[in-house]
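Okay, structure first, notes after.
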Amino acid sequence: MGFFGAVFGIFGFVFGFTAGIVIGYYLFIKLRPSEVKDPDIRPLVEYDTTSLERMLPEIPLWVKHPDYDRVDWLNQLIGTMWPYLDKAICKMIKDVAKPLIAENTVKFKIDSVEFEALTLGSLPPTFQGIKVYTTEEKELIMELSVKWAGNPNITVAVKAFGLTAKIQAVDLQVFLAPRITLRPLVPIFPCFANILVSLMDKPHVDFGLKLFGADLMSIPVLYGFVQVFNFGLLYYLTSVFCDTVKNQVANMFLWPKTLEVVIMDPSKALKKPVGILHVNLLRAQKLRKKDLMGKADPYVKLKLTDDKLPSKKSTVKKNNLNPEWNEEFKLVVTDLESQALELDVYDWEQVGKHERMGMNIISLRDLTPDEPNLLTLDLLKNMDANDVQNEKSRGQLVVEVTYKPFKEDEVSSEVTKNVSVVEKAPEGTPMGGGLLVVTIHEAQDLEGKHHTNPYVRLTFRGEKKKTKHMKKSRDPRWDEEFQFVCEEPPLNDKMHVEVLSKAPSIGIYSKENLGYVIISLADVVTNKRINEKYHLIDSRNGRIQIELQWRPS
């Protein structure tokens with residue numbers, strides 16, 4: 001029976017194998033359709049966004065989103081500079097890591113931690129696209145898409161308990177979507193005071209770790225353990241470390257949180273007013289006149305150094321070598337540390353150049369805020385201490401000066417704060433006057449009947465000021481600042497702003513009115529700052545951007 005069972009088993013296997021091949025051939029070949037349909041081919045423009053992203057997962061942002069621009073030029077620039085950037089960045093990493101390593105080696109009883117190799121590799125990061133936001137503030141906002149699949153060589157040697165372990169980072173991948181804000185923009189190179197960096201999405205960080213070391217591997221007991229568990233342990237450590245890095249970076253810099261890098265002091269760069277200098281010009285005594293004909297006709301010019309505004313002048317006192325003025329002046333201070341009050345006494349002449357009789361200066365940093373300072377100044381020829389002519393007596397000038405700083409705690413903190421948020425004035429703001437600052441930024445879609453050479457004229461409490469005129473421009477940009485010292489807050493006042501067109505030097509047409517706007521200043525006093533675009537009255541499409549600030553004294 002055993003013999004016949006084996007024979008039938010072999011026969012069944014041969015028969016079943018042959019039958020399977022025949023039936024499979026019939027089903028696969030004979031039943032195939034004789035007609036093959038052509039593939040459905042459609043242009044890419046007919047696919048929706050979801051289908052395109054599924055078909056092309058690595059499509060650049062500037063293709064998927066029209067508001068992103070290509071930055072091939074930036075990638076070429078980074079690629080060319082990468083060997084030098086690599087060295088500079090690695091040096092900066094070592095400088096930053098050195099004190100941190102020194103602090104933690106003692107804490108964790110580690111002998112030493114050293115970089116055996118530190119290079120970011122030959123593959124630079126690539127920028128997939130850039131989006132630029134335009135705002136009405138003095139800032140530039142950029143959003144970038146950065147991808148970096150690098151080949152770095154980062155090897156760290158850790159020595160502890162007589163053993164040496166070397167850890168190497170490999171297969172680095174970093175995907176970032178940073179927002180970079182340059183704010184505020186200033187007229188001093190590099191033209192921005194601060195860099196604010198924040199991440200719009202959680203970053204993707206991935207890399208591998210290799211653990212090796214001659215001393216560690218020479219121990220027979222540990223060699224087998226490391227060989228068996230090395231891969232699993234490093235995979236776990238890498239995953240935990242990558243998640244920790246992503247979470248820490250996200251907690252620190254995920255929008256609206258930012259990393260702020262200070263480039264320069266914005267208060268000095270923007271020359272923001274920090275206070276008002278009250279000058280009471282009292283009298284002069286024992287003035288000396290060089291010629292022998294008659295007495296002098298003295299008057300005084302007052303000016304703050306580093307100030308582009310014209311000097312203030314006192315009245316002229318005829319035929320008097322001991323004149324008394326008792327006149328008050330107010331000057332806007334922008335830098336208490338570097339500025340000084342310059343006082344020049346001149347002899348007024350009916351014909352010819354006015355002769356300077358003497359001068360002196362008062363350093364503002366020597367003044368005590370909110371405290372009157374009565375000073376008697378010896379008049380000098382110049383401020384050269386080595387000039388022997390300064391030893392001659394030229395008379396004296398008696399003035400009383402008081403520096404009153406503005407109420408803000410720090411001007412720089414106001415400049416660097418988020419300018420999109422309007423800070424309310426504190427309750428109980430004293431009604432003691434202050435400074436009204438008006439900045440004429442730009443205008444758009446201006447159009448005159450015969451010519452368009454626009455300039456702006458401001459009228460406030462009877463005082464008129466104007467910007468420079470732009471030749472043949474429908475979209476002029478001035479960025480000019482004007483200051484009005486007020487004895488009391490302008491709660492019930494209005495400012496009249498006119499946009500005029502200057503007539504050409506050769507022509508028959510006179511100046512034209514391109515539109516105007518009347519601004520109520522009560523909101524400016526309440527909110528302390530307004531930056532808006534106004535539609536011009538008597539203009540078809542004209543608009544003007546004006547920034548107003550109220551600084552109480």
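Residues Tyr455 and Pro476 have side chains not in contact (no heavy-atom distance under 4.5 Å, counting atoms from C-beta outward). When side chains are defined from C-beta on, Val499 counts as touching Ile544, because their heavy atoms get closer than 4.5 Å. With a 4.5 Å cut-off on side-chain heavy atoms, Leu379 and Leu287 count as touching. Residues Val132 and Ile141 have side chains not in contact (no heavy-atom distance under 4.5 Å, counting atoms from C-beta outward). The side-chain heavy atoms of Lys131 and Met142, taken from C-beta on, include no pair separated by under 4.5 Å. Counting heavy atoms from C-beta on, the side chains of Thr181 and Asn194 never come closer than 4.5 Å. In this structure the side chain of Ile546 reaches within 4.5 angstrom of the side chain of Val438, judged on heavy atoms. Using a 4.5 Å cut-off on side-chain heavy atoms (C-beta onward), Leu302 and Leu343 make contact.
With values rounded to the nearest 0.5 angstrom, His535 atom NE2 is found 9.0 Å from Asn541 atom CG. The distance from atom OH of Tyr534 to atom CD1 of Ile518, rounded to the nearest 0.5 Å, is 12.5 Å. Note that CG of Leu277 is 8.0 Å distant from OG1 of Thr402, once rounded to the nearest 0.5 Å.
A cation-pi arrangement is present between Lys147 and Phe175, with the terminal nitrogen or guanidinium carbon under 6.0 Å from the aromatic centre and inside a 45° cone about the axis.
Side chains of Arg551 and Gln549: a donor on one and an acceptor on the other come within 3.5 Å. Gln396 and Asp378 are linked by a side-chain donor-acceptor pair at a separation below 3.5 angstrom, with hydrogens and angles left out of the test. Side-chain N/O atoms of Thr126 and Gln128 include a donor and acceptor closer than 3.5 Å.
A donor-acceptor pair under 3.5 Å is formed between the side chain of Asp86 and the backbone N or O of Leu120. Side chain of Asn513 to backbone of Gly515: a donor-acceptor contact under 3.5 angstrom is found. Between the side chain of Asn373 and the main chain of Glu371, a donor-acceptor pair closer than 3.5 Å is present. A distance-only check finds a donor-acceptor pair linking the side chain of Thr467 to the backbone of Val456 [under 3.5 Å]. With hydrogens and angles ignored, the 3.5 Å screen pairs a side-chain donor or acceptor of Thr305 with a backbone N or O of Ala340. A donor-acceptor contact shorter than 3.5 Å is absent between the side chain of Lys502 and the backbone of Ser510. The closest donor-acceptor contact from the side chain of Arg283 to the backbone of Pro323 lies at 3.5 Å or more, if one exists at all. For the pair Thr526 (side chain) and Ala522 (backbone), a donor-acceptor distance under 3.5 Å is present. At distances below 3.5 Å, at least one donor-acceptor pair connects side-chain atoms of Asp475 with backbone N or O atoms of Asp445. No side-chain donor-acceptor contact under 3.5 Å links Glu327 to the backbone of Asn280.
When the salt bridge (charged side-chain N to carboxylate O under 4.0 Å, His left out) test is applied to Arg365, no partner is found at least two apart in sequence or on another chain. For Lys330, the salt bridge (charged side-chain N to carboxylate O under 4.0 Å, His left out) partners at least two apart in sequence or on another chain are Glu487. Applying the salt bridge (charged side-chain N to carboxylate O under 4.0 Å, His left out) criterion to Lys353, with sequence neighbours excluded, gives no partner residue. Under the ring-ring contact (aromatic ring centres under 6.0 Å, His included) criterion, Trp325 pairs with no residue at all, not counting sequence neighbours.
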Inset, instruction - Verify salt bridge (Lys or Arg N to Asp or Glu O under 4.0 Å) between Lys303 and Glu342, making sure each step is shown before the conclusion. - result: CA-CA 5 Å; Lys303 180 180 176 62; Glu342 183 177 334; over 6 Å; no
Inset, instruction - Carefully, step by step, assess Val399 and Ile362 under the rule side chain to side chain contact (heavy atoms under 4.5 Å, CB included). - result: CA-CA 10 Å; Val399 295; Ile362 302 173; 3.9 Å; yes
Inset, instruction - Apply salt bridge (Lys or Arg N to Asp or Glu O under 4.0 Å) to the pair Asp297 and Lys317, showing each step before the final yes or no. - result: CA-CA 5 Å; Asp297 302 325; Lys317 299 297 181 179; over 6 Å; no
Inset, instruction - Decide yes or no on side chain to side chain contact (heavy atoms under 4.5 Å, CB included) for Leu281 and Asn326, but give the supporting numbers first. - result: CA-CA 5 Å; Leu281 180 62; Asn326 293 316; over 6 Å; no
Inset, instruction - Take Arg394 and Met359 through the test side chain to side chain contact (heavy atoms under 4.5 Å, CB included) and record every step on the way to the result. - result: CA-CA 9 Å; Arg394 287 178 167 80; Met359 59 92 64; over 6 Å; no
Inset, instruction - Kindly indicate, with the supporting measurements, whether the criterion side chain to side chain contact (heavy atoms under 4.5 Å, CB included) is fulfilled by Leu514 and Leu500. - result: CA-CA 5 Å; Leu514 305 182; Leu500 305 171; 6.0 Å; no
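Closest approach of Met470 to Arg477, counting heavy atoms only: CE-O, 3.0 Å. Listed here is the closest heavy atom pair of Trp550 and Gly434: CH2-N, 3.4 Å. The heavy-atom pair separating Leu446 from Ala443 by the smallest distance is CD1-CB, 3.7 Å. The two residues Leu436 and Cys486 make their nearest non-hydrogen contact at CB-SG, 4.2 Å. Contact detail for Lys472 and Asn453: the closest heavy-atom pair is N-OD1, 2.8 Å. Shortest non-hydrogen contact noted between Asn531 and Gln545 is OD1-NE2, 3.3 Å.
Atom CG of Asp366 has more than 12 neighbouring heavy atoms from other residues, nucleotides or ligands inside a 6.0 Å radius. Within a 6.0 Å sphere centred on CE of Met81, other residues, nucleotides and ligands contribute 12 heavy atoms or fewer. For Lys301, the NZ atom sits in a packed shell: over 12 heavy atoms of surrounding residues, nucleotides or ligands are nearer than 6.0 Å. Within 6.0 Å of the NZ atom in Lys465, the count of heavy atoms belonging to other residues, nucleotides or ligands exceeds 12.
Within the structure, ring-ring contact (aromatic ring centres under 6.0 Å, His included) pairs that include any residue of residues 461-504 comprise Phe460-Phe484, His496-Tyr516 (at least two apart or interchain). Among pairs with a residue in residues 448-457, those fulfilling salt bridge (Lys or Arg N to Asp or Glu O under 4.0 Å) read Arg457-Glu498, at least two apart in sequence or across chains.
Between His278 and Tyr403, the gap from one ring centroid to the other reaches at least 6.0 Å.
Partner of Val398 under the side chain to side chain contact (heavy atoms under 4.5 Å, CB included) criterion, out of Leu377, Leu374, Leu375: Leu374 alone. The only option from Glu512, Glu447, His451, His450 that meets the side-chain hydrogen bond (donor to acceptor under 3.5 Å, both in side chains) definition with Ser501 turns out to be His451. Looking at Val274, Leu304, Asp335 one by one, the single match for side chain to side chain contact (heavy atoms under 4.5 Å, CB included) with Leu364 turns out to be Leu304.
Classification of the Tyr346-Tyr299 ring pair by plane angle, with boundaries at 30° and 60°, yields parallel.
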